[in-house]
Amino acid sequence: MFEIGEKYYFEDIGLRNSIVGFNQRADLHKLLENVVYIHLLHQGYTVFVGKSGNREIDFTGDKNGAKIYVQVCLTLYHEET
């Protein structure tokens with residue numbers, strides 16, 4: 001429903017779950033990304049979804065001219081990741 005070409009984040013996860021349903025196993029990565037997005041906003045960053053070539057960077061954040069790049073993951077199994 002909300003996953004066609006764009007990413008949407010909710011300030012109220014309960015609202016999100018009531019619209020699209022909730023499946024903890026399938027939704028964990030989406031929920032984690034949502035929490036990081038909200039945290040960056042609360043820290044005062046202007047947040048964008050980033051790109052590096054054909055690869056996606058979960059978020060780029062800009063605050064007072066300083067830029068950060070954030071990749072969200074639950075675990076890292078491979079060092080090269």
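In this chain, numbering begins with 1 at the start of the sequence shown.
Every side-chain hydrogen bond (donor to acceptor under 3.5 Å, both in side chains) that Asp58 has, sequence neighbours left out, goes to Gln71. Every residue was checked against the ring-ring contact (aromatic ring centres under 6.0 Å, His included) condition with Tyr45, not counting sequence neighbours, and none meets it. Applying the side-chain hydrogen bond (donor to acceptor under 3.5 Å, both in side chains) criterion to Glu56, with sequence neighbours excluded, gives Lys7.
Here the NE2-CG distance, from His39 to Leu41, works out to 10.5 Å after rounding to the nearest 0.5 Å.
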Please report the C-alpha distance between Leu40 and Ile68 in whole Å, then the side-chain angles of each, then the deciding distance to 0.1 Å, and finally whether the side chain to side chain contact (heavy atoms under 4.5 Å, CB included) criterion is met.
-> CA-CA 10 Å; Leu40 291 171; Ile68 62 169; 3.8 Å; yes
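By the 4.5 Å side-chain criterion applied to Ile, Leu, Val, Met, Phe, Trp and Tyr, Tyr69 is assigned to a cluster that also includes Ile57.
Applying the salt bridge (charged side-chain N to carboxylate O under 4.0 Å, His left out) test to pairs two or more places apart or on separate chains, none has a residue in residues 60-71.
Placement of Leu28 and Val70 within a single hydrophobic cluster is found when ILVMFWY residues are connected by side-chain heavy-atom separations under 4.5 Å, directly or transitively. Note on Val35: it does not cluster hydrophobically with Phe59, by side-chain heavy-atom contacts below 4.5 Å among ILVMFWY residues.
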